[in-house]
Amino acid sequence: MEYYPKMSDELEKLEEQLGIQLPSPLEPFTPNWPGADKRQILVKRDDLIHPLISGNKWRKLKHALATLPKSVITFGGGYSNHLHALGFVCHRLNIPMRAIVRGHYPNLTPTLQDLNQWGTDIEFVDKIEYKKRAQPDYLESLSERSPEAAVIPEGGSQDQALLGVAEILQELPETPDYILAPVASGGTLAGLISAGSDASILGIGVLKGEEYLNSLVEQLLPKATREQQCHWKILADYHHGGYAKAPADLKAFCDEFNQAHGFDIEPVYSGKLFWALKDLLAKEFFPEGTTIVMLHTGGLQGARDSQ
Ligand SMILES: *Cc1c(COP(=O)(O)O)cnc(C)c1O
């Protein structure tokens, strides 16, 4: 472990206080799927980082919280793992948080019920207002209203998020040939790419729009990384109809998977990720003898009432 870059003492203390378990385990995965033999598949279990602070959301938030803000404003949907993770962290650290939530939920989702219980100030906005969430003038007006607040973007995907995600590569004992991760707001994939590893980074788009997803990731990449021509690609054919769409075949795949293997997946992120793996293996996408790391980003809390 001595080759780890030194984390600040504050951050180390914060992780200890919250009960964060890092580094996360790396486990072999040996499904009896066509094409799975002669390749080494490993799962990076970021779902085990914390029972409530979902895997990649802690990675993305940690450096933003190295200096604790006086208060926080952030954005998300009614099932958002980001809202849930940050809501719990703010609750534990006594930081007031305002969540700007897309849509209206007269019956609170389990995620929103937790936020409520943790004292998050929930503000519901319609889809049109929610669309403004990344516009500079809208963000400025939020900051004017609450000058002391840290405004954290949807999914926690901002520049500092990349640092925490890049640490995943430092935790791997060897550089794999491929790393696969789901892509929604892009911070996770951008973080993996920014680590500058020799691995090919494959993003599985969980929502529609190949160009949109590519632009999200590109906007987050530091200029130096963009110019380095790192090997990365977003595979855009595994969204199963769009964000949070869970057709019956995907649900059945997740159910079967959860019976057969020692850990769980859900339809919004990890289900699409492992479906893609199975499909790519069947198509012999990965040459024989290669090593593939699957990043399990967590997120099971968001599936609580869709199961
Ligand atoms: C948010 C989330 C993602 C997507 O990560 P991005 O950085 O937004 O692309 C993937 N998996 C889970 C479980 C998530 O909660």
Side-chain angles (χ1 to χ4, degrees), residues 24 43-64 74-89 102 109-111 114 133-134 152-168 179-195 201-210 212-221 232-236 238-240 242-244 246 254 263-277 294-304 306:
S24 63
V43 183
K44 182 69 172 156
R45 296 289 307 276
D46 271 14
D47 55 315
L48 297 178
I49 289 178
H50 191 276
L52 293 167
I53 307 169
S54 185
N56 68 338
K57 298 305 184 279
W58 177 251
R59 301 264 191 199
K60 292 198 279 179
L61 286 170
K62 60 188 277 188
H63 290 280
T74 194
F75 311 87
Y79 297 86
S80 163
N81 295 319
H82 164 68
L83 288 184
H84 197 256
L86 190 51
F88 178 74
V89 170
R102 178 183 189 272
T109 63
T111 306
D114 284 346
R133 68 192 176 278
I152 299 182
E154 181 181 63
S157 288
Q158 53 187 343
D159 293 350
Q160 288 150 305
L162 275 55
L163 291 172
V165 175
E167 287 163 8
I168 293 172
I179 303 178
L180 272 69
V183 187
S185 66
T188 303
L189 205 74
L192 293 171
I193 298 164
S194 74
I201 314 288
L202 293 178
I204 305 302
V206 302
L207 43 98
K208 282 189 192 169
E210 186 169 6
Y212 170 69
L213 290 170
N214 276 320
S215 73
L216 287 180
V217 173
E218 262 156 24
Q219 279 166 34
L220 284 164
L221 287 178
W232 67 277
K233 189 176 172 52
I234 293 178
L235 302 180
Y238 295 107
H239 57 69
H240 295 258
Y243 183 70
C254 292
F263 59 94
D264 283 354
I265 57 173
E266 48 64 54
V268 183
Y269 300 102
S270 48
K272 292 178 182 177
L273 179 73
F274 280 91
W275 176 296
L277 172 69
M294 304 295 291
L295 179 62
H296 194 319
T297 45
L300 292 153
Q301 76 79 26
R304 278 178 290 176
S306 64

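Counting starts at 1 for both ligands and their atoms, following the listed order.
Residues Ser157 and Lys60 meet the side-chain proximity criterion, which asks for heavy atoms closer than 4.5 Å. Residues His50 and Trp58 have side chains not in contact (no heavy-atom distance under 4.5 Å, counting atoms from C-beta outward). Inter-residue side-chain proximity for Arg304 and Thr109 is flagged as unmet; no heavy-atom pair is nearer than 4.5 Å.
The closest donor-acceptor contact from the side chain of Ser54 to the backbone of Lys57 lies at 3.5 Å or more, if one exists at all.
Near ligand 1, residues Asn56, Lys57, Lys60, Asn81, Ser157, Pro182, Val183, Ala184, Ser185, Gly186, Gly187, Thr188, Tyr269, Thr297, Gly298, Gly299 each place a heavy atom inside the 4.0 Å sphere around the ligand atoms.
With respect to the salt-bridge test (charged N to carboxylate O, under 4.0 angstrom), the residues Glu154 and Arg102 do not qualify.
Just one of Ile49, Thr297, Thr188, Leu163 meets the side chain to side chain contact (heavy atoms under 4.5 Å, CB included) condition when paired with Arg59; it is Ile49.
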